[in-house]
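Comments concern the structure below.
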Amino acid sequence: MSEATIQLRDPEETVALLGARDQYLRQIRDAIQVRVMARNGQICVEGEPDQVSRATHVFGQLKRLIEENGTISQADVCLALDATQPGSTETALPTTELVQGKRRVRARSEGQQRYIRAIKESELVLCIGPAGTGKTYLAVAAAVNALLHEQIRKIVLVRPAVEAGEKLGFLPGDIVAKVNPYLRPLLDALHDMLEYDQIKRYMEADLIEIIPLAFMRGRTLNESFIILDEGQNTTVPQMKMFLTRMGQGSKIVVTGDITQVDLPSHTRNGLSDAAGRLGKIDSVSVVRLGREDIVRHRLVQRIVEAYQDDKSSRPR
């Protein structure tokens, strides 16, 4: 038998590390099969030497995340446990840092780690996955990071103006007001990373552009980070048009959920088609995320599972 002690800085760190009603402590204890006690500003771990070493490493990883971000989630605990499995090549939970942003953004699952690596290493990334897996959020974070580090000159955020199963009719206002509802998810991600005034300045200076897909025809974008959200709602010709906008020094990320296609029946979506055509080309990565990568509310994973066998939601 072996034992180890982990010192905690203050009550706030203790609460964050143990979780509500000690749920994270119990999760680690049950996963590694060690005895864990928390008292007097310390965590005491007892068990077989290898198991104690693994538990100590997990708590150390989580303490580092709390120091960086102030909190951790159940997904962070799962990832820390996975990273210390025998034979695992992961030694740390990776962080994509936004130096001047409001928060640090990091991978919270193995699939998200692969996604971030693909964005760093490839010029074109096609990311396919269910709702809540961080497809758009991580892409926007990577784009903001590249802009703040002056690796690119401009961010272009693109979305097809396709309604989700219902006709809204003619929307009031100018063109900006008409397309705003379709582009709102991209703005939400931006506002989570940059201050409102900063976003406004960048948009006025044309450093950030948010446009509907239809406005991309005929353009060539150099030294830009271009994100196409909801790529499953593009047709094959639209996807070809979009991908051929790439200029020198640019990077493209296309995201989408091929179980939520809002195109007319029997119309093949451009994202599935592009993944099949381009997956073997150098500098192109196709990343597929699954239910295990969902980091939104815990019920989202259950909802996705409940709908996965619905024939009406199968990809087209």
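All figures in this text were calculated on a predicted structure; none of them were measured in a lab. Computed over heavy atoms, backbone and side chain alike; hydrogens, waters and symmetry mates excluded. Index from 1, following the sequence.
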For [X] and [Y], which heavy atoms make the closest approach, and how far apart are they?
| X | Y | answer |
| --- | --- | --- |
| A146 | F225 | CB-CD1, 4.2 Å |
| P160 | L213 | CA-CB, 3.9 Å |
| A118 | V287 | CB-CG2, 3.7 Å |
| A55 | V45 | CB-CG1, 3.9 Å |
| D257 | A131 | OD2-N, 3.6 Å |
| N269 | Q232 | CB-O, 3.0 Å |

Quick check: are there more than 12 heavy atoms from other residues, nucleotides or ligands sitting under 6.0 Å from [atom1] of [X]?
| X | atom1 | value |
| --- | --- | --- |
| R35 | CZ | no |
| E150 | CD | no |
| E121 | CD | yes |

- prompt: Which pairs count as side chain to side chain donor-acceptor pair (under 3.5 Å) when at least one residue sits in residues 21-33, sequence neighbours excluded?
  reply: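 Matches after skipping sequence neighbours: none remain.
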task: Inspect the contact between K200 and E195 and indicate whether a charged nitrogen and a carboxylate oxygen are less than 4.0 angstrom apart.
output: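 Salt bridge between E195 and K200, a charged N being under 4.0 Å from a carboxylate O: no.
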- prompt: Is any NZ, NE, NH1 or NH2 atom of the basic residue among E123 and K251 found under 4.0 Å from an Asp or Glu carboxylate oxygen of the other?
  reply: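 Looking at E123 and K251, the cut-off is not met.
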query: So R201 and D197, salt bridge (Lys or Arg N to Asp or Glu O under 4.0 Å) or not? Walk me through it.
result: CA-CA 6 Å; R201 289 196 308 272; D197 290 342; 5.6 Å; no
query: Hey, quick one: are L148 and L190 part of the same hydrophobic cluster, counting side-chain heavy atoms closer than 4.5 Å, chains of contacts allowed?
result: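 Shared cluster, yes.
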query: Going only through I, L, V, M, F, W and Y residues with side-chain contacts under 4.5 Å, is there a path from V236 to I281?
result: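 Shared cluster, no.
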- prompt: Side chains of Y137 and D188: do they bring a donor and an acceptor to under 3.5 Å?
  reply: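 D188 and Y137 do not have a side-chain donor-acceptor pair below 3.5 Å.
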task: List in chain and number order the residues that pass salt bridge (Lys or Arg N to Asp or Glu O under 4.0 Å) with E209, two or more places apart in sequence or in another chain; answer none if no residue qualifies.
output: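 Residues passing salt bridge (Lys or Arg N to Asp or Glu O under 4.0 Å) with E209: K154, R219.
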